[in-house]
A.B. asks: 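Mind looking over this structure? Questions follow.
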Amino acid sequence: MGRNNPKNIKAHNDKLHKAQDKEKAKKAARAELLKTMVRKFNEHKDEK
């Protein structure tokens, strides 16, 4: 029972890609949050 048949290879790759997509989405969400924080900080700095 290894990954050496097409069904198991596909299951493994699907699981792997799902995890990679999840990490990528986390990174993108964090980057967007940081962008908004910087934007708000700069707006507040300009008001003074």
Side-chain angles (χ1 to χ4, degrees):
M1 281 295 292
R3 277 190 272 133
N4 294 334
N5 65 48
K7 182 182 176 190
N8 289 342
I9 291 171
K10 182 179 178 350
H12 171 75
N13 286 340
D14 288 348
K15 187 176 180 181
L16 179 67
H17 294 149
K18 186 176 181 180
Q20 288 173 341
D21 290 343
K22 197 174 183 180
E23 285 297 316
K24 192 185 279 188
K26 268 188 189 174
K27 248 184 186 176
R30 179 159 170 73
E32 188 62 35
L33 179 64
L34 289 173
K35 261 193 219 178
T36 58
M37 289 171 69
V38 168
R39 195 175 301 130
K40 285 181 181 180
F41 176 77
N42 288 336
E43 287 174 2
H44 182 68
K45 191 170 68 172
D46 291 341
E47 290 174 0
K48 288 185 178 179

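This structure is a prediction, so every number in the text was calculated from the model and none was measured.
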A.B. asks: Has H44 got a side-chain atom pairing as donor or acceptor with K40's backbone, closer than 3.5 angstrom?
C.D. replies: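 Judged by distance alone, no pair lies under 3.5 Å.
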
A.B. asks: Name all pairs fulfilling the salt bridge (Lys or Arg N to Asp or Glu O under 4.0 Å) condition that reach into residues 4-17, sequence neighbours left out, sorted by first residue then second.
C.D. replies: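 Those involving residues 4-17 are K10-D14.
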
A.B. asks: Quick one: side chains of residues 18-31, donor-acceptor pairs under 3.5 Å with protein atoms, not counting sequence neighbours, listed by atom name and distance.
C.D. replies:
none

A.B. asks: In the hydrophobic clustering that connects Ile, Leu, Val, Met, Phe, Trp and Tyr at side-chain heavy-atom distances below 4.5 Å, which members other than L33 occupy its cluster, ordered by chain and number?
C.D. replies: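 L33 shares its hydrophobic cluster with L34, M37.
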
A.B. asks: Test question: given the 4.5 Å side-chain rule for I, L, V, M, F, W and Y, name all other residues clustered with F41, or answer none.
C.D. replies: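 So far as hydrophobic clustering goes, F41 is joined with none.
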
